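Heads up, the thing below is written out as structure tokens.
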Protein chains: 2
Amino acid sequence: MKIERHTATATDDEPGSTPERLVAAAERLFAERGFNGVSVREIAAAAAVNPASVGYYFRSKEGLLAEVYRRHCQPMNEERFRLLAAARERARPPALAAVLEAFIRPALKLTGDAKAPVTRLRAVLSAENSELLDKLVAENFDRSSGRFIDALGECLPHLSRDDIYWRFHFLLGAVYYTAAGPHRIRTLSQGRCDPADSEAVIRELVPFLSAGLSAPPVPRP
Amino acid sequence: MKIERHTATATDDEPGSTPERLVAAAERLFAERGFNGVSVREIAAAAAVNPASVGYYFRSKEGLLAEVYRRHCQPMNEERFRLLAAARERARPPALAAVLEAFIRPALKLTGDAKAPVTRLRAVLSAENSELLDKLVAENFDRSSGRFIDALGECLPHLSRDDIYWRFHFLLGAVYYTAAGPHRIRTLSQGRCDPADSEAVIRELVPFLSAGLSAPPVPRP
DNA sequence: GTCTATAGAGCGATAGAC
DNA sequence: GTCTATCGCTCTATAGAC
């Protein structure tokens, strides 16, 4: 769809254009304060752009969120798939720890300009706005979740599909909570455990999840 | 402080009084939609009470939240301590699974009138409003968290204090995410795994966390 | 002590000039 | 295509009647 121009005239997809500035500012502010915690005016001010541009380019505040969400998830999921493929090349079935890291590492990567992980956006949003958000989650993660659930099933053949679902759910909780970054554990540990340190999180979280996922199957009624 | 009256006149602490009605309605609505997602007017309407009462009894919307939070956490923590003491009576050190269940079960209990776990309130709030919320969390949970971290340390003498902190953090993530109730896993599993079924959650979560917490200590630089 | 009424600010969205 | 201006609405908090 994108057409190359002969001139240097700014197009909508270039970094400094109005919609790009809006998406960048919105990603940061939504991640910091959620959807209801930020106004369109604040986003426009942070982007140094006219407030009316939001309606013009994205139809509404929700339209802007949808675009932010999409652009946010796409590269993260691509990196997840790339790492998962690499893990599969190293071993069949892939090592459990490698699958977990392929899922977690891209989620904890820091965004370009902010100091928060990309996943904080989703962690913060996951509580509110359930109408629109369910749609966005399904659109952006059905394929990704399915593939990782399959990979976990390969690694853990002693488990039923339901075991995998439950444990994948708990895994998501640990990752989201960490990405949301409540510094509670940093306070309690007097600074020694810092959820903002993604390498430390991966080092601690992967063995924890590996052990949890490898637990014996749960007998169900 | 409460004084018994000779008459049936309503006092501030009686179930149907204005502040009680406000707290009950606010607990439900804040848990459903977060702090920014609900207006004082909506809360007052749900309580069938005048909107101005919020300012009168609680000084502000935030004051109402603080009261809701306090009343919400206190009985839950009391039940946690009661269950933890019972686990200690059965064995010294207490069984790991018993400690975990003592922490989790009261958090997943359903509120009186709503169908959501009491913990959903905290899960939803934990993303937004960090200024006030950090204060509330510290006020309401420092004692509780400390005692459970100690109990986990007793159960898991092979772990360092930092191992315990990290794993307690991941535990919180799994519990909060479940309580926030994203039915994502219910959809993916075509209804077979339902995070709203607290008995099922406890059955699945306790073995998962037991195994995760019991993992070998992580070598740290 | 509880109400009505409203102040004062901020909201999302849009019409219409340029 | 991007702006200014503003509509119509909702918000929190409070002043003052009863």
Side-chain angles (χ1 to χ4, degrees), chain A residues 1-3 5 7-26 29-30 32-69 125 128-129 131-133, chain B residues 1-3 5 7-26 29-30 32-69 125 128-129 131-133:
Chain A
M1 215 50 172
K2 175 88 179 303
I3 295 165
R5 313 291 175 88
T7 69
T9 303
T11 72
D12 288 359
D13 293 20
E14 284 180 20
S17 72
T18 296
E20 292 301 317
R21 298 176 61 82
L22 277 171
V23 168
L29 289 171
F30 284 150
E32 280 172 11
R33 294 188 254 152
F35 184 76
N36 291 317
V38 193
S39 69
V40 169
R41 298 164 126 89
E42 283 177 288
I43 296 167
V49 146
N50 192 284
S53 321
V54 172
Y56 180 72
Y57 288 106
F58 304 100
R59 210 184 51 82
S60 68
K61 188 185 179 186
E62 289 204 345
L64 174 56
L65 174 65
E67 181 63 17
V68 166
Y69 204 85
L125 292 176
E128 54 180 330
N129 208 254
E131 188 99 357
L132 169 63
L133 209 70
Chain B
M1 213 53 171
K2 175 88 180 303
I3 295 166
R5 313 290 175 92
T7 70
T9 303
T11 71
D12 287 0
D13 293 19
E14 283 181 21
S17 72
T18 295
E20 292 302 315
R21 297 176 63 81
L22 277 172
V23 168
L29 290 171
F30 283 150
E32 279 172 11
R33 293 187 254 151
F35 184 77
N36 292 316
V38 194
S39 69
V40 169
R41 301 162 121 90
E42 283 176 290
I43 296 167
V49 146
N50 192 283
S53 322
V54 171
Y56 180 73
Y57 288 107
F58 304 100
R59 210 185 52 83
S60 69
K61 190 186 179 186
E62 289 206 344
L64 173 57
L65 174 65
E67 181 63 17
V68 166
Y69 205 85
L125 292 175
E128 54 182 329
N129 207 253
E131 189 99 356
L132 169 63
L133 210 70

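Note: hydrogens, waters and symmetry copies are ignored here, and every other heavy atom, side chains too, is used. Every value quoted in this text rests on a predicted model; they were computed, and no experiment measured them. Numbers restart at 1 for each chain; the letters A, B, ... are given by sequence-line order, proteins then strands.
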Could you state the atom-to-atom distance from CG of B:L64 to C1' of D:dA13 in whole Å? 14 Å

Please report the interatomic distance OG(A:S39) to CG(A:L29), rounded to the nearest 0.5 Å. 9.0 Å

Taking salt bridge (charged side-chain N to carboxylate O under 4.0 Å, His left out) as the cut-off, I'd like each qualifying pair that reaches into residues 42-54 of chain A, sequence neighbours left out, listed once. A:R33-A:E42

Rounded to the Å, how far apart are B:N36 CG and D:dT10 P? 18 Å

From CZ of B:F58 across to P of D:dT14 the rounded distance in Å is 16 Å

Any A:S39 side-chain nitrogen or oxygen under 4.0 Å from OP1 or OP2 of C:dG10: no

Side chain proximity check, A:L64 to A:V40, heavy atoms < 4.5 angstrom: no

Say you draw a straight line from CD of B:E20 to CD of B:E67; how long is it, rounded to the nearest 0.5 Å? 8.0 Å

Report the distance from atom CG of A:L22 to atom P of D:dG1, rounded to the nearest whole Å. 16 Å

Roughly, in whole Å, what's the span from CZ in B:R21 to P in C:dG1? 20 Å

Show the distances under 3.5 angstrom between N or O atoms of the protein and N or O atoms of nucleotides 13-18 of chain C.
from, atom 1, to, atom 2, distance (Å)
C:dA13, OP2, A:K61, N, 3.0

Any side-chain heavy atom of B:Y56 within less than 4.5 Å of one from B:N50? no

The complete set of salt bridge (charged side-chain N to carboxylate O under 4.0 Å, His left out) pairs with one or both residues in residues 49-58 of chain A, sequence neighbours excluded, reads none

Protein-nucleotide distance (A:E42, atom CD; C:dA9, atom P), rounded to Å: 17 Å

